[in-house]
Amino acid sequence: MDTLPPSSAPPVTGSGCHGGRETMEAAARAAGKSEAMDRLAKDYPRGPHDQPQSMCPAFGSLRVGLRMRRVATILSGSACCVYGLTFTSHFYGARRTVGYVPFNSETLVTGKLFEDIRDAVHETAKPEDYDAVIVTNLCVPTASGVPLELLPKAINGVRIIGIDVPGFGVPTHAEAKDVLSGAMLRYARLEAEAGPVARPRNLVEGERTIALIGELFPADPMGIGALLAPMGLGLAPQTPAREWRDLYAALDAVAVAAVHPFYTASIREFRAAGRPVVGSGPVGVEGTAAWMDAIAKAADVPAALLDAAKARMLPAIKGAMAGAPIKARITVSGYEGSELLVARLLSEAGAEVPYVGTACPRTEWSDADREWLEARGTHVQFRASLEQDVHAMLDAKPDLALGTTPLVQKAKELGIPALYFTNMVSARPLFGPAGAASMAGIVAAQTGGRERFARMVSFFEGVGTPERAGYGFKSKPEDPPGFRDRQRKLRAAKAKAEEAVGT
Ligand code: SF4
């Protein structure tokens, strides 16, 4: 394709995740991205929390691409965004190159940026190195309408996939994982429908498999495999996939388990391939029994096999839960998408769980968990904002708060024992007997520290909190006399002046 005509839309360079969402979205629509924005709005509906309150959402899709073998990743976005994203990806051990096509106002408005991206793709797409090249438009190129859909679909057999992952269209990094997973599944599904495709590694001929959706703790797929084996079922490669040909094997499963329930675009592709989808996950005794029933129904497993599998697996989980009871009041909040399953496991183990908040949206695949929790008096908040999570914690006064970094910080300031959901809870098995036993230990260790927290809070009372934070003070820092009063008057005068302009 030749030089792209200059975009009629003005370049959007001065905004970002701290700019106005409406402004950025309007710019994207004016620049020809209405279809992409409509699809994102449909797949990832907004709620009370409609703006990322955690890391840049594009980190989710970036991580999915970086974890795949023989897949190259190129970002198109503001340098500061790309710096943050590459820093974070290397912090999490990417050990892979992240490609970047820089731009300025001129290359953005003349369409030269698109040409630069196309050149970069041609340069990168070497079949001896890669199966696929992923190009991601971040906020500014999306708002400016950089048309990744006009890139060639393949170069020398290397697949080219362009996605828009703007912070003003994808509310969480969890959902951004789905943006890329869904785009790759779609590509692979169309390839498989068009003719023969590469044989997936480790394919067992004739085996009936279940495909799992969600980034799970490494031991969890094995635990789930142990539940499936007595039903005559194996495990297909997970979504997000680890290499391209895994996508074919996942699409070839007899049924799909949406363990993480927010992968809307991926589920659409599995459904288009004719695969039934099962929600929830095998947590605790009740959750595991219900999940095994649902899987058996979706995969046409004979009743006798199902009964035998349950008779073998459920007593082990029951035993593990009985041996690790939890006696505590716990609030749960996070942005991973597994919050309801964690709350369910805690609740079945004996914990009182008054509140669970997730930054992810409500979908039909979390309905069973929501209903189960609500029937036990838990308030379930989808698209929960940090403010809602904090208020719930203040209201519930838990023995332990599981949550995001700012929530944990707030809890510790108040002397409430707290654990970071992503690092501490997501980094443990959740399913089967291993999951049943894993939570009790950390809950006991943390709630046991409550008295120590209370002593620390009283010892540091009034020190290191907002205005008194810092170092180098010889004594307890105090405000200069009259300072607060003067600031209050200044603010009032400013507000009055703004009001006068408005009338
Ligand atoms: S790409 Fe990410 S970091 Fe950059 S402006 Fe958008 S949401 Fe913010």
Side-chain angles (χ1 to χ4, degrees), residues 9-31 33 36-37 39-41 43-47 49-66 73-92 94 98-105 107-109 113-114 116-117 120 134-148 161-181 183 262 335-337 359-361 383 385-386 404-406 422:
V12 183
T13 52
S15 209
C17 43
H18 301 293
R21 178 173 59 75
E22 285 83 10
T23 315
M24 296 292 274
E25 187 175 333
R29 287 183 182 279
K33 287 276 180 190
M37 293 312 299
R39 197 180 51 245
L40 291 177
D43 284 353
Y44 314 115
R46 296 189 175 121
H49 162 217
D50 57 5
Q51 194 76 357
Q53 284 190 311
S54 58
M55 66 188 82
C56 168
F59 178 61
S61 54
L62 177 63
R63 180 179 153 103
V64 165
L66 288 174
T73 301
I74 297 175
L75 295 178
S76 153
S78 303
C80 50
C81 308
V82 174
Y83 169 75
L85 285 165
T86 47
F87 178 89
T88 316
S89 60
H90 292 302
F91 179 80
Y92 281 100
V98 179
Y100 174 41
V101 182
F103 67 85
N104 57 33
S105 304
T107 60
L108 200 57
V109 78
L113 171 60
F114 176 78
D116 291 347
I117 292 173
I134 312 293
V135 187
T136 305
N137 263 349
L138 303 177
C139 282
V140 171
T142 303
S144 303
V146 175
L148 297 183
I161 296 176
I163 51 172
D164 294 300
V165 191
F168 54 87
V170 183
T172 62
H173 83 288
E175 288 154 288
K177 293 176 192 171
D178 179 49
V179 175
L180 179 54
S181 300
F262 55 84
Y335 46 59
E336 301 293 334
C360 293
R383 280 279 185 256
S385 64
L386 172 64
T404 54
T405 312
T422 302

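Indexing begins at 1, ligand by ligand and atom by atom, following the structure's order. Numbers here are sequence positions counted from 1. As the structure is a computational prediction, the values presented were derived from the model and not from experiment.
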Ligand 1 atoms in contact with [X] (distance to a heavy atom under 4.0 Å):
X    : answer
C56  : 1 (S), 2 (Fe), 3 (S), 7 (S)
C139 : 1 (S), 5 (S), 6 (Fe), 7 (S)
L138 : 1 (S)
G167 : 7 (S)

Review point. So among T107, I117, V140, D164, which one has a side chain to side chain contact (heavy atoms under 4.5 Å, CB included) with V146?
Key: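 Exactly one candidate clears the test, I117.
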**Study point:** Sole candidate of L75, T73, L62 that passes side chain to side chain contact (heavy atoms under 4.5 Å, CB included) when paired with S89
**Key:**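 Of all the options given, the one that passes is L62.
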Exercise for review: Indicate the atoms forming the closest heavy-atom contact of F168 with C139, along with that distance.
Suggested key: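 Closest pair (atom of F168, atom of C139, distance): CE2-O, 3.6 Å.
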Practice item. Measure the acute angle between the ring planes of F91 and F87, then classify it against the limits of 30° and 60° as parallel, tilted or perpendicular. Key: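 F91 vs F87 ring planes: parallel.
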Review point. Any N/O/S atom of C81 sitting less than 2.8 Å from atom 2 (Fe) of ligand 1, backbone or side chain?
Key: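 Here the distance criterion (N, O or S atom, under 2.8 Å) is not met by C81, so no.
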Review point. Is D116 close to F103 at the side-chain level, that is, under 4.5 Å between some pair of heavy atoms?
Key: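 Answer no - side chains too far apart.
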